[in-house]
Amino acid sequence: MSTMTRMCTVMLAAGALLLSPPLAAQTIEDIAKALGAAQVETIEITGSGFFFALGQNVRPGVAWPRANLTRYTRIVDYNKGGISIDFTITQGENLPRGGGGRPFMGFQRRDSGGLSDQAWIMAYPAGTATQTGVAQAQHDLWTTPHGLVRAALADKAAMDGRTFTVTRAGRFKARAHVNAHNLIDKVESWLPNPVLGDMALVTEYGDYKAFGAAMVPTRIAQSAGGFPVLAMGITDVKVYAGGVTPPAAIQPAAINVQIDQAAPGVWFVHGGTHHSVVVEMKDHLILFEAPLGDARTNAVIDTVKRSLPAKPIRYAVNTHHHFDHSGGVRAVAAAGITIVTHAIHKPFFEAAYQNPHTFAPDALARSGKKATFMTLTDKRVFSDGARTFELHRLKDNLHNEGLIVGYLPKEKILMVADAFSPRAPIVKTPEQLNPFTTNLWDQIVALKLKVKTVLPIHGRMVKVEELKIEVGRTQ
Ligand SMILES: [Zn+2]
């Protein structure tokens, strides 16, 4: 047992006594007093449990995929408005289902933070920091129990029964629920999300214990978009642990869109983390993938319009509903483009698009338009007499049950998201085969697709030989 743990155990015994007299809170000050908020300027908590990848489920309507949260450390500096969240996960499930970087071996580190009006996300092993939206960091900071009371005191908020509300325009809204001991045991909050709009979160704080003068929950359970995202036990708490220091250099989140011809009438729209493809038909264009959100997809649409001004984009294919791949679907809908997706995804998008978008109204919310969908189950073919463009579902792919690939039979080009993402040159079959990629290869064989070139949504345009090496098939 470490000295720290022993010290906490002693404090826990003292803490139990503090809990006994229940007093109904009349004011925010009563809650601040019960939490010892005035004594908490900087706090560090460490724990472990489970982490779930939001928006990466194997099909709509089921839980986000779960990973083991092996270490989680959060530092909050209430005076400076700083937060740092640094944790490691392991895949946990032996047969990976869904996205969020699956499959992966060993430990994966996630590290992000915010200070006042800036926020960043770290990339490892390089250790580089990139700018990211501030809403999430500010939400995570001010929806902690001590953050909520501090924000409410600053706002001069009033109690509404056993709840009080904190709002930060354009960022989030949170309603705190106070228990009989004047401790916050539940927070309902709303945060902007490119797919879900004003996304609902519920955070439950349990097993409060005393650490010095502060009461701190030692159990946190959070859901977002209807399913758990975090379930954690806190094993270590340090009050006055030191502040949050932003990384020395934070790279701006620049949007880089490049368009290159892959074959006559076929354009690879790349740059950044998520690419798209444009297929030129007789009197219109088909866009394959509208990723990330309004900013990326609108930049893609603008580039396509500038480069190919003679024909309008009529259809946009969405490969699957994972949020990083479908975050730009609303932008294409706002541009009057019909969305083509698998039948299991349409009801999910339609339900999600009923949500209000009040924190960060996107192009579709501002336009007042409605998204128009066209669906497929196993196959759909676009043809204009000269060119044929096929869409196929990757049956039995564990990444997503409605995962769609594009195929141009004449050009022998395959377009694929997530089942194959060639980044570094592939010169050797990996020891551990990726089941999403072996399924892709099995489907190519079963569907008799004569692929020569692969245009991936992540990674480089490659010859099919690299895919064959990746799955250990020599012919
Ligand atoms: Zn995915």
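Atoms within a ligand are numbered from 1 in the order they appear, just like the ligands themselves. Here, residue 1 is the first one in the sequence, and each next residue gets the next number.
For the side-chain contact (heavy atoms from CB on, under 4.5 Å) test with Asp207, the passing option among Ile220, Ile234, Thr218, Val216 is Thr218; the others fail.
Under 3.5 Å, the side chains of Asp198 and His357 contain no donor-acceptor pair of N or O atoms. A donor-acceptor contact closer than 3.5 angstrom links the side chains of Asp418 and His325.
Considering the Zn ion (ligand 1) as centre, the angle to NE2 of His320 and to OD2 of Asp418 is 90° (10° rounding).
Electrostatic pairing of Lys395 and Glu401 does not count as a salt bridge here, judged by no charged N lying under 4.0 Å from a carboxylate O.
Within the 2.8 Å limit, His322 places at least one N, O or S atom next to the Zn ion (ligand 1). For a distance bound of 2.8 Å, the N, O or S atoms of Asp324 include none lying that close to the Zn ion (ligand 1).
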